[in-house]
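Below is one structure, written out as structure tokens; comments come after it.
Values below: all heavy atoms of this structure, side chains included; hydrogens, waters and symmetry mates excluded. If you're wondering where the values come from, they're calculated on a predicted model, not measured in any experiment. By convention in this document, chain letters (A, B, ...) are assigned in the order of the sequence lines, proteins followed by strands, and residues within each chain are numbered from 1.
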Amino acid sequence: MEKIKILFLGSNWEALHTLKVLFEDVRFSIIGVITQPDKPVGRKQEILPTEIKLFCNENNIPVFHTLGDIERYKEAMSIFEPDVILCKSFGEIIPDFFLSYSKHGAINVHYSLLPKYRGAVPIQKAILDGADITGISIVKMVAKLDAGPILSQHTEQILENDTNQSLRERLVKLTGEILPDTLYKWCNGEIITTEQDDSKATFCWQKDIAKEVAEIDFTKLDSITIDRMTRAFIPWPVAWFMYGAIRIKLFAVVLLNDNEIIQNAKDSKIGELFTTQNRLFVKSADDKILEITDLQEEGKNRTKPIDFINGHKKSLLSI
RNA sequence: CGCGGGGUAGAGCAGUGGCAGCUCGUCAGGCUCAUAACCUGAAGGCCGUCGGUUCGAGUCCGACCCCCGCAA
């Protein structure tokens, strides 16, 4: 039985996980990986090889950079002769001609139930919208972004306390469980695709997830929105608010149902932080009490509320 | 040399050249029907490192190390 030759396009840790799963599956052979070039990382902006590149080097998989350049895509086509192209978190717009040069085309893994949430940040947007389910769509890539026929879909519940990170980790894991079979069947002609209903498409863009939109003004936003923002912006850019002149990152909040505290705090001012029972609270614009359970001041380490309270005993309102 | 904040008890923070402090936690005991409550006591420190100034440095000066935020 001849192995299916895969040309893998991917750049981040999610792509690496998927790449490993396919690499270890005996039905497939990874003939090459196209990934984004090494970039400066961290505070020191050191240029380090990406994890994908390290993995490829260890396993003698050829690595190629297209750099978004049409000519380099053409060059890649002359080097690699894949049966199928698999794309996961690649980060470049791929030219049309490249999508169709292999026998079985190019397949993309997208983290939403297409046609909903086409675009760059489907998980975050689903959380911001308060959706209760999302999922994975494995689609054939076409010129139009995330608009191709669907090979298979799998739904996943969005839990009440799911963050972009926790949900993403589950979806990445699930991808490893379902992608190999789907891809194998596809290449054997055993899958009949389903066209997307374009009229039901919704979209999300990278600009929806940015530092500028991650600011939380407790005097203007309601508690539900604040909770969703906090969960959607992890691990980046992380929801933040101003405490006096200090910027504070907000890693987790809990909508409060504790009657005693709500009763005691009924006179507290909207947007003003206060503490009681060694816990940290704030009232949002809809007059609900939110408990802050995980935070970080600029220039300082991430701390638990008790530590923040200890450090601000004098300025913090206590009820 | 990208910009900025910081390093003091297990944690979080004060500290004006002159005895090392506060809150929380920990430990021991007490009180209470009861508590993330209250009372009494205790342990716990190379004040990032090295050098300098000084009668005297956590504090002033210099160099270095490390952590963090921004930016990318």
Side-chain angles (χ1 to χ4, degrees), chain A residues 10-15 35-54 65-69 89-93 120-121 124 163-165 205-218 226 229-268 272-283 289-319:
Chain A
S11 299
N12 63 7
W13 68 272
E14 297 169 38
T35 187
Q36 293 205 342
D38 302 338
K39 286 177 183 168
V41 288
R43 204 187 320 281
K44 291 176 189 166
Q45 294 293 284
E46 287 175 305
I47 298 190
L48 298 170
T50 61
E51 286 185 304
I52 290 256
K53 200 170 196 173
L54 289 173
H65 302 301
T66 43
L67 308 164
D69 182 345
S89 309
F90 179 43
E92 280 181 33
I93 304 291
V121 290
Q124 293 96 320
T163 64
N164 167 52
Q165 189 166 28
W205 292 272
Q206 187 63 58
K207 67 178 172 58
D208 294 328
I209 306 299
K211 279 174 199 181
E212 304 82 67
V213 299
E215 177 173 10
I216 289 185
D217 184 341
F218 292 109
I226 292 167
M229 285 171 70
T230 305
R231 292 183 291 118
F233 293 139
I234 288 175
W236 187 91
V238 185
W240 57 276
F241 65 95
M242 296 307 291
Y243 178 68
I246 311 169
R247 181 199 289 240
I248 294 180
K249 284 185 170 182
L250 195 53
F251 284 91
V253 295
V254 176
L255 275 79
L256 211 61
N257 289 312
D258 188 322
N259 288 328
E260 190 189 345
I261 289 169
I262 290 171
Q263 192 59 30
N264 291 342
K266 67 176 189 292
D267 296 329
S268 69
E272 187 178 16
L273 267 62
F274 65 92
T275 175
T276 183
Q277 296 178 5
N278 283 336
R279 292 156 70 187
L280 188 61
F281 305 93
V282 65
K283 188 181 280 184
I289 306 294
L290 287 163
E291 177 167 10
I292 295 172
T293 56
D294 192 352
L295 72 165
Q296 180 178 23
E297 281 180 58
E298 63 180 319
K300 296 179 186 267
N301 288 316
R302 187 170 167 179
T303 64
K304 296 188 173 92
I306 180 68
D307 295 328
F308 179 84
I309 292 164
N310 277 329
H312 293 82
K313 265 277 143 43
K314 286 165 191 163
S315 62
L316 206 52
L317 176 68
S318 185
I319 65 165

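- A:Arg247 comes within contact range of no nucleotide atom at all, as no heavy-atom separation falls under 4.0 Å.
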### Query
Step by step, would you call A:Leu317 with A:Leu273 a side chain to side chain contact (heavy atoms under 4.5 Å, CB included)?
CA-CA 7 Å; A:Leu317 176 68; A:Leu273 267 62; over 6 Å; no
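- Taking a pair to require two hydrogen-bonding distances under 3.5 Å in either a Watson-Crick or a G-U wobble arrangement, B:G10 pairs with B:C24.
- One C1' atom belongs to B:A42, the other to B:U32, and the distance between them is 23 Å to the nearest Å.
- For A:Arg279 and B:G12, the CZ to P distance is 22 Å, given to the nearest whole Å.
- In this structure, CD1 of A:Ile309 is placed 13 Å from P of B:C13, rounded to the nearest angstrom.
- B:C70 sits 26 Å from B:A9 when the P atoms are compared, rounded to a whole Å.
- Look at the P atom in both B:C13 and B:G17: the space between them is 24 Å, to the nearest Å.
- The interatomic distance linking A:Met242 (CE) with B:C70 (C1') rounds to 12 Å, in whole Å.
- Under the Watson-Crick or G-U wobble criterion, with both distances below 3.5 Å, B:A43 has no partner in any strand shown.
- Every residue meeting the salt bridge (Lys or Arg N to Asp or Glu O under 4.0 Å) condition with A:Lys53, not counting sequence neighbours, appears here in chain and number order: A:Asp38.
- Rounded to a whole angstrom, the distance from the P atom of B:C22 to that of B:G44 is 16 Å.
- What separates CG of A:Leu316 from C1' of B:G12 is a distance of 13 Å, to the nearest Å.
- By the side-chain contact (heavy atoms from CB on, under 4.5 Å) test, A:Glu212 pairs with A:Ala210, sequence neighbours left out.
- Here A:Asp208 pairs with nothing under the salt bridge (Lys or Arg N to Asp or Glu O under 4.0 Å) rule; sequence neighbours left out.
- Nucleotide B:C64 is matched to B:G48 when pairs are restricted to Watson-Crick or G-U wobble geometry with both distances under 3.5 angstrom.
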Can you give me every donor-acceptor pair (side chain of residues 237-252 of chain A, partner residue at least two apart or in another chain, under 3.5 Å) with its distance?
residue: A:Trp240; atom: NE1; partner: A:Lys211; partner atom: O; Å: 3.1
residue: A:Tyr243; atom: OH; partner: A:Ser315; partner atom: OG; Å: 3.4

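- For A:Glu291, the salt bridge (Lys or Arg N to Asp or Glu O under 4.0 Å) partners are A:Arg279, not counting sequence neighbours.
- A gap of 48 Å separates the C1' atoms of B:A36 and B:G51, to the nearest Å.
- B:G10 and B:C27: their P atoms are spaced 16 Å apart (whole Å).
- Listed candidates were B:A36, B:U23, B:C70. Nearest to the side chain of A:Lys249 is B:C70.
- Checked by atom type and distance alone, the side chain of A:Thr163 never pairs as donor or acceptor with a backbone atom of A:Arg231 at under 3.5 Å.
- Across B:A20 and B:C68, the matching C1' atoms stand 26 Å from one another, rounded to whole Å.
- With sequence neighbours excluded, the residues that form a side chain to side chain donor-acceptor pair (under 3.5 Å) with A:Asn164 are A:Arg168.
- With A:Thr275 contributing its side chain and A:Leu280 its backbone, the two residues share no donor-acceptor pair below 3.5 Å.
- In this structure B:G69 sits in a base pair with B:C3, meeting the Watson-Crick or G-U test at under 3.5 Å.
- Remark: P of B:G5 and CH2 of A:Trp240 are 19 Å apart, rounded to the nearest angstrom.
- To the nearest whole angstrom, the two C1' atoms, one in B:U8 and one in B:C66, are 16 Å apart.
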What does the list of N/O pairs under 3.5 Å between the protein and nucleotides 9-11 of chain B look like, with a distance for each?
residue: B:A11; atom: O2'; partner: A:Asp307; partner atom: OD1; Å: 2.8
residue: B:A11; atom: O2'; partner: A:Asp307; partner atom: OD2; Å: 2.9

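- With sequence neighbours left out, A:Asp294 forms a salt bridge (Lys or Arg N to Asp or Glu O under 4.0 Å) with A:Arg302.
- Contacts between residues 292-302 of chain A and RNA chain B, defined by a heavy-atom separation under 4.0 Å, are made by A:Gln296, A:Glu298, A:Gly299, A:Lys300, A:Asn301.
- Nucleotide B:C55: paired with B:G18 (Watson-Crick or G-U wobble, both distances less than 3.5 Å).
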